[in-house]
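Take a look at the structure set out below.
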Amino acid sequence: MTDLLRFDGRVAIVTGAGGGLGRAYALLLAARGASVVVNDLGGSMHGEGAATTAADRVVDEIRAAGGAAVADYHSVEDGARIVQSALDAFGRLDIVINNAGILRDVSFHKMSAEDWDKIYRVHLYGGYQVTRAAWPILREQGYGRIVMTSSAAGLYGNFGQANYSSAKLALLGLAQTLAVEGQKRNVLVNTIAPLAGSRLTETILPPELVAALRPEYVAPLVAYLCHESSGETGHTFEVGAGWVARVRWQRGRGAFFPLTGELTPEAIAARWAEIDNFDDPTYPTTPTDSFAPVVANLQGSATAAEPPPAKPTPRPAAPRLAADLGPRDAIGYEFPPVTTSYDEKAVSLYALAVGAAANALDPAELPFVYELSGDGFRALPTFAVTFPFALLWQITAVPGLRFNPALLLHGEQALQLRRPLPTKATVTHRAHIADIYDKGSAALVLLDVHSYDESGAELATNRSSLFIRGLGGFGGERGPSAAAFALPQRPPDATRAQTTTDNQALLYRLASGDGNPLHADPAFAAAGGFTRPILHGLCTFAFAGRAVLRDFAGNDPARIAGIKARFARHVFPGETIITEMWREQKEEDGVARVLFQSKVAERDEVVLSNGVVDLIG
Ligand code: NAI
């Protein structure tokens, strides 16, 4: 059983506590040990006049029951004076319940400027004034509980209440930001939308209902939110007559449009059913959540050849509601196949973007960038790691995987090549979620993408290991350990230094089709904690691949069966990548291995670890 929640030593301001809901809050808090400032202007329900009687009566009630209370008759528009009353009477302040309110209901076309202003002054400006005066006290003492009073009219709209509903929803906006700003200082802010019988509702509700909707049914939630044991903040509750429920925003999956073409009103109209669909909703709680699909679209749009399908085809027999699904349910999920095409130009551009033929006087890499090369034009093997970009963005639409793309980290990449890549092809990519491990705070998602040429023959398989922070703890298997393997003790058999250019990341995003602004936009990079845009991990991967290809395979892509590595750190464009390589003994199946790691010379940090290239011949 929960201990009795007491408020001994705490000081609370309850505005508009001379009647209705405020009175019930004041009585309950005082009965449980709080010292209460009973504030009430004592005017009419339309905001006219003033009197001391309302507040005095409640103070008398509290004192008669043995509690501590003082009356305050200021309007909430003079918030600082109310806060001063608390300090004068009790020497401190812990709790602020913004409750005072009036009504001036009239349909919008008849609403006067005075109707609008009076409502705003009492509800929003009054709530602001009291809270503003209390804020430094609560922050500095590292403790505070604030409740804002919104209304169903604010959340949902109500005829004749344009002034009231907009002011009430503004209070919710105020509370949401104060919750964010106050959290570190243990100043917690929540909002209620109550329903109770009072003089505000007696003109619109039948008398039996007014009597039944006792304010005492609302007060316990408010008291709980104001108690030191409550960690709630930034939440909204509907409450009345013995019913309490949290309310939150829900958002549909929405429709993604490719950003490569023109977005027209007709395109919006054509996909209205998706825009208006709530079958598999998300519940954003922060602006970052809100922006996530936008960022995902920026990242994915450059390669989405076709408008993304309306909804990924779920695996057959998904018996539960999408909202009930978790990461475990996503295992085995198959993405809708995506077909893309590339040509010689794309292959050359990619090679240039990963540093090939940077030295024009060195002809060794000319065959990767010049389609008429006498040595035979060819594609770099790592060109195939760009294939998954065509559908990677869809991962946020997988039922059971609900996450913010900003929290996704690319852990490892493993590419297997079935044969040398054609220099021009139409390729169909089929992806599925091979497994998901529970790494505690993160989920490790293994995404396999198989790419097939026009004849149906497989060209390449990519396995991307993706850490999704915040998605762990779902009770899944931990999976294999992530230890880095030991490199040979001897000095590397080959070491290659490759300098990246200042615009390497910009080139790579164009050539790879991953338009992630992290690699282009300084502001976006700063938001991610980087001093400037960083190189794509798969660009670094390709530099290392070129080093092995040149030093151990004579620049012949046919000799590369696979390449994999782990992304340890980022590289800034302009830095020098040093790849150290060790050739391992030939194994019986005819596949030799080159182990490698890449460092960045300027910071002497390993950027790629666990590197392995499987060689043929
Ligand atoms: P009420 O009229 O019984 O209580 C409001 C109190 O605020 C009154 O005692 C009034 O004198 C006082 N007040 C008004 N202007 C003031 C000012 N400028 N400075 C100081 N005090 C002032 O109404 P009720 O129903 O108890 O309302 C409390 C709060 O709950 C209000 O903010 C109201 O908008 C809100 N609310 C109430 C609902 C209900 O079903 N009763 C529904 C949704 C919201």
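When a residue number appears, it is its place in the shown sequence, counting from 1. What's counted below: heavy atoms across the whole structure, side chains too, no hydrogens, waters or symmetry copies.
Considering only heavy atoms from C-beta on, T579 stays 4.5 Å or farther from F543 through its side chain. Side-chain contact check for N516 versus R509: every heavy-atom pair is 4.5 Å or farther apart. Taking the side chain as every heavy atom from C-beta outward, L155 and L172 approach each other to under 4.5 Å. Between Y333 and L401 there is no side-chain heavy-atom pair separated by less than 4.5 Å. Using a 4.5 Å heavy-atom threshold, the side chains of R378 and S373 count as separate. Using a 4.5 Å cut-off on side-chain heavy atoms (C-beta onward), P492 and W582 make contact. Inter-residue side-chain proximity for R566 and S465 is flagged as unmet; no heavy-atom pair is nearer than 4.5 Å. Counting heavy atoms from C-beta outward, V613 and M581 have side chains that stay 4.5 Å or more apart.
If you look at Y508 and H519, their ring centroids are not closer than 6.0 Å.
With rounding to the nearest 0.5 Å, the separation of OG in S609 from CG in L595 is 12.0 Å. We find the OH-CG distance between Y452 and L459 to be 10.5 Å, quoted to the nearest 0.5 Å. Note: L188 CG to L225 CG = 9.5 Å, rounded to the nearest 0.5 Å. To the nearest 0.5 angstrom, N610 atom CG is 6.0 Å from E412 atom CD.
Ring geometry, H432 versus H450: the interplanar angle falls under 30°, so the pair is classed parallel (tilted spans 30 to 60°).
Formation of a donor-acceptor pair under 3.5 Å by the N555 side chain with backbone atoms of A364 is found in this model. Formation of a donor-acceptor pair under 3.5 Å by the S230 side chain with backbone atoms of E232 is found in this model. Side-chain atoms of T233 come within 3.5 Å of backbone atoms of V189 as a donor-acceptor pair (strictly under, hydrogens ignored). Using modelled atom types, no side-chain atom of E181 and backbone atom of L178 make a donor-acceptor pair closer than 3.5 Å. Checked by atom type and distance alone, the side chain of T500 pairs as donor or acceptor with a backbone atom of G574 at under 3.5 Å. Side-chain atoms of R253 come within 3.5 Å of backbone atoms of D280 as a donor-acceptor pair (strictly under, hydrogens ignored). Between the R469 side chain and the L409 main chain, no donor and acceptor come within less than 3.5 Å of each other. Proximity of a side-chain donor or acceptor of K439 to a complementary backbone N or O of R478 within less than 3.5 Å is detected. Listed for the E575 side chain is a donor-acceptor partner under 3.5 Å among the backbone atoms of F572. For the pair N462 (side chain) and V449 (backbone), a donor-acceptor distance under 3.5 Å is absent.
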query: What do the steps show when you test F567 against F467 for side chain to side chain contact (heavy atoms under 4.5 Å, CB included), and what is the final call?
result: CA-CA 11 Å; F567 304 105; F467 278 96; over 6 Å; no

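Nearest heavy atom pair, residue I578 against residue A497, reads CD1-CB, 4.0 Å.
Taking the centre and axis of the six-membered ring of F552, the NZ or CZ atom of R583 falls outside the cone set by 45° and 6.0 Å.
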Listed pairs under 3.5 Å, donor-acceptor, residues 345-357 side chains, sequence neighbours left out:
unit_1	atom_1	unit_2	atom_2	d
S348	OG	E344	O	3.1
S348	OG	V369	O	3.3
Y350	OH	T382	O	3.1
Y350	OH	T382	OG1	2.8

Can you give me every donor-acceptor pair (side chain of residues 531-542, partner residue at least two apart or in another chain, under 3.5 Å) with its distance?
unit_1	atom_1	unit_2	atom_2	d
R532	NH1	P573	O	3.2
H536	ND1	L538	N	3.1
H536	NE2	D514	OD2	2.8

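The pair K599-E580 meets the salt-bridge criterion, since a charged nitrogen lies less than 4.0 angstrom from a carboxylate oxygen. Between R463 and D448, at least one side-chain N (NZ, or NE/NH1/NH2) sits under 4.0 Å from a carboxylate O, which counts as a salt bridge.
By the neighbour-count criterion of 12 heavy atoms within 6.0 Å, atom CD of E458 is densely surrounded, having more than that number from other residues, nucleotides or ligands.
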